[in-house]
Amino acid sequence: MERARDLLACPACAGPLAADWSCLGCGARFDAADGIPNLRLPGNHATEVVRRFYGEAPFPAYRPHDTLQRLRARADQSVFARLLDQAIPSNARVLDVGCGTGQMCLYLARADRIVVGADLTRASLLLGAAAAQRFAIDRVQFVETDLHRPGLRNGAFDLVYSSGVLHHTPDPSASFVQLVRLARPGGMIVVGVYNAFARLPLRLRRFIARLSGFRLVLFDPVLRDRDDEPARREAWLRDQYQHPEEHRHTLGEVQHWFATNGVEYLRSYPSAVLGEEPGALFERASDNWRPEGWLAQLGWMRTLGREGGLFYTVGRRRKQGAGSQELEARSTVD
């Protein structure tokens with residue numbers, strides 16, 4: 001998609017890319033087999049381990065005989081997905097970092113939005129691109145790249161969304177710095193990571209599963225729902241129970257990432273304000289009292305623990321200020 005090319009960049013020098021996927025800055029050349037540009041430089045050992053892991057079982061994969069209507073109907077059942085879609089302007093430039101097989105990209109590709117789905121693993125991207133073609137969606141550009149040397153233009157996106165990714169990197173806080181650079185000043189950032197409290201039920205299930213050689217996985221509702229879908233069941237089992245790299249975070253920790261990288265904290269989802277139901281995902285929560293936040297996270301063990309304990313934090317990249325200046329200074333030094 002030609003309109004998306006301006007949102008991509010050379011991973012080596014950050015220069016613009018020509019129509020043949022060569023860099024106009026340093027002259028590096030890249031290919032785009034199957035319409036998916038390969039803008040990934042060789043990664044470190046930990047990154048390569050994760051890339052190979054998802055290459056064996058792309059996550060989350062598609063249901064057999066899926067359609068766009070069914071995909072969107074399932075996504076609409078999620079309050080978070082609906083709120084996210086409602087909050088994004090119709091002409092926004094959206095980036096999904098670590099998009100996997102691209103379901104969220106296809107869901108958000110409405111109106112005049114341009115959606116870029118970036119991931120390490122070509123096997124996952126191929127499934128996403130095939131679904132986009134099957135569903136006749138032409139506003140999504142998938143790209144193979146690494147967040148640590150991304151083939152994406154800094155400051156180009158109105159929304160940078162990343163769910164279930166940072167906690168699988170060796171240094172999540174450093175990965176977050178890279179993520180922030182991709183949002184335009186004033187742009188939105190939505191990050192989904194495992195919560196240290198809400199992840200406890202799954203960690204207990206995982207402990208029992210390991211003792212049984214993964215023959216016995218108790219009380220996992222997602223696995224039960226996928227009993228008749230072996231490929232998607234295996235993808236969930238591997239991602240949740242056998243991942244080679246995993247970290248868990250509190251809301252306060254992610255708020256610290258925001259504060260030190262020029263991002264204004266707006267809210268979490270679920271809300272960390274007890275009793276509050278967010279009406280608009282990109283609006284500030286009514287309060288941000290730390291003790292209340294701890295109590296809310298304890299409650300997430302029950303509400304989020306059933307499906308792995310993922311929570312979202314929403315913020316806006318500041319247009320100016322000490323945090324933004326610090327981020328830009330680091331950008332010039334790295």
Side-chain angles (χ1 to χ4, degrees), residues 50 59-60 77-81 83-84 97-98 100 104 161-176 179 189-211 214 216-225 236-261 263-278 281 284-315:
V50 172
F59 184 81
Q77 293 175 5
S78 163
V79 175
F80 171 78
L83 289 173
L84 180 64
V97 175
M104 183 60 84
Y161 168 83
S162 184
S163 177
V165 176
L166 298 188
H167 56 231
H168 289 319
T169 64
D171 187 343
S173 63
S175 298
F176 180 76
L179 202 72
I189 296 171
V190 179
V191 176
V193 293
Y194 292 145
N195 182 260
F197 296 99
R199 190 70 172 165
L200 287 173
L202 189 135
R203 294 179 71 189
L204 178 59
R205 295 198 296 266
R206 184 168 58 193
F207 172 75
I208 297 171
R210 284 173 175 165
L211 292 179
F214 294 99
L216 182 64
V217 183
L218 300 175
F219 310 120
D220 189 313
V222 177
L223 285 180
R224 286 199 302 270
D225 290 344
W236 175 263
L237 180 67
R238 283 172 52 83
D239 183 73
Q240 294 294 305
Y241 293 88
Q242 300 172 346
H243 205 287
E245 184 87 48
E246 178 183 307
H247 304 269
R248 295 158 296 277
H249 309 279
T250 64
L251 175 60
E253 184 179 359
V254 180
Q255 288 176 327
H256 179 71
W257 296 351
F258 278 35
T260 56
N261 288 285
V263 180
E264 176 191 7
Y265 169 75
L266 297 180
R267 67 167 55 250
S268 69
Y269 186 90
S271 177
V273 180
L274 298 177
E276 180 190 61
E277 294 294 334
L281 198 62
R284 186 188 302 277
S286 59
D287 201 357
N288 183 25
W289 188 39
R290 187 173 293 272
E292 187 176 26
W294 286 108
L295 288 174
Q297 289 174 89
L298 289 171
W300 293 351
M301 282 193 287
R302 179 179 58 84
T303 56
L304 300 181
R306 297 176 67 255
E307 296 190 2
L310 190 82
F311 79 106
Y312 295 91
T313 313
V314 181

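Numbers for residues simply follow the sequence, beginning at 1.
Between W294 and T250 the shortest side-chain heavy-atom distance falls below 4.5 Å. A heavy-atom distance below 4.5 Å is not found between the side chains of V273 and R267. Residues L179 and W257 form no side-chain contact, since every pair of their non-hydrogen atoms from C-beta on lies 4.5 Å or further apart. Contact annotation: the side chain of Q240 never approaches that of R205 to less than 4.5 Å [non-hydrogen atoms, C-beta and beyond]. A 4.5 Å side-chain heavy-atom check between I189 and F176 finds at least one atom pair inside the cut-off. A heavy-atom distance below 4.5 Å is found between the side chains of L83 and P278. In this structure, the side chains of D220 and W236 come closer than 4.5 Å at one or more pairs of heavy atoms. Taking 4.5 Å as the limit, some side-chain heavy atom of Q255 sits within range of a side-chain heavy atom of N288.
Using the six-membered ring where Trp is involved, Y161 and Y312 have ring planes that are parallel, under 30° apart on the 30 and 60° scheme.
For the residue pair S271 and A296, the shortest heavy atom distance occurs at O-CB, 4.2 Å. Between E292 and D287 the shortest heavy-atom distance is OE1-OD2, 4.0 Å. Across all non-hydrogen atoms, the minimal contact from D239 to H243 is O-CB, 3.6 Å. Heavy-atom minimum distance, P170 versus H247: O-NE2, 3.6 Å.
Within the 3.5 Å criterion, the main-chain N or O of L166 finds no donor-acceptor partner in the side chain of S175. Within the 3.5 Å criterion, the main-chain N or O of V50 finds no donor-acceptor partner in the side chain of E245. The backbone N or O of G308 lies less than 3.5 Å from a partner atom in the side chain of R199, making a donor-acceptor pair. In terms of modelled atom types and a separation under 3.5 Å, the side chain of E276 and the main chain of S286 share a donor-acceptor contact.
Within 6.0 Å of CZ in R238 there are more than 12 heavy atoms belonging to other residues, nucleotides or ligands. Residue-environment remark: CZ (R248) exceeds the threshold of 12 foreign heavy atoms within 6.0 Å. Heavy atoms from other residues, nucleotides or ligands lying under 6.0 Å from CZ of F214 number more than 12.
When only modelled atom types and interatomic distance are considered, D171 and T169 share no side-chain donor-acceptor pair under 3.5 Å.
Distance check: Y194 OH to L202 CG gives 7.5 Å after rounding to the nearest 0.5 Å. For the atom pair CZ (F311) and NE2 (H249), the distance works out to 8.0 Å, reported to the nearest 0.5 Å. In this structure, CZ in F207 is found 12.5 Å from CG in L218, a value given to the nearest 0.5 Å. Between the CG atom in L310 and the CG atom in N195 there is a gap of 9.5 Å [rounded to 0.5 Å]. Summarising the geometry, atom CE belonging to M104 is positioned 6.5 Å from atom OG belonging to S78; distances are rounded to the nearest 0.5 Å. The line from CZ of R284 to OH of Y265 is 10.0 Å long, rounded to the nearest 0.5 Å.
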| request: For the pair F80 and S163, evaluate side chain to side chain contact (heavy atoms under 4.5 Å, CB included) and give the outcome as yes or no after the intermediate values. | output: CA-CA 12 Å; F80 171 78; S163 177; over 6 Å; no
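Look at E246 and R206 and you find a salt bridge, because one of the NZ, NE, NH1 or NH2 atoms lies within 4.0 Å of a carboxylate O, short of that distance.
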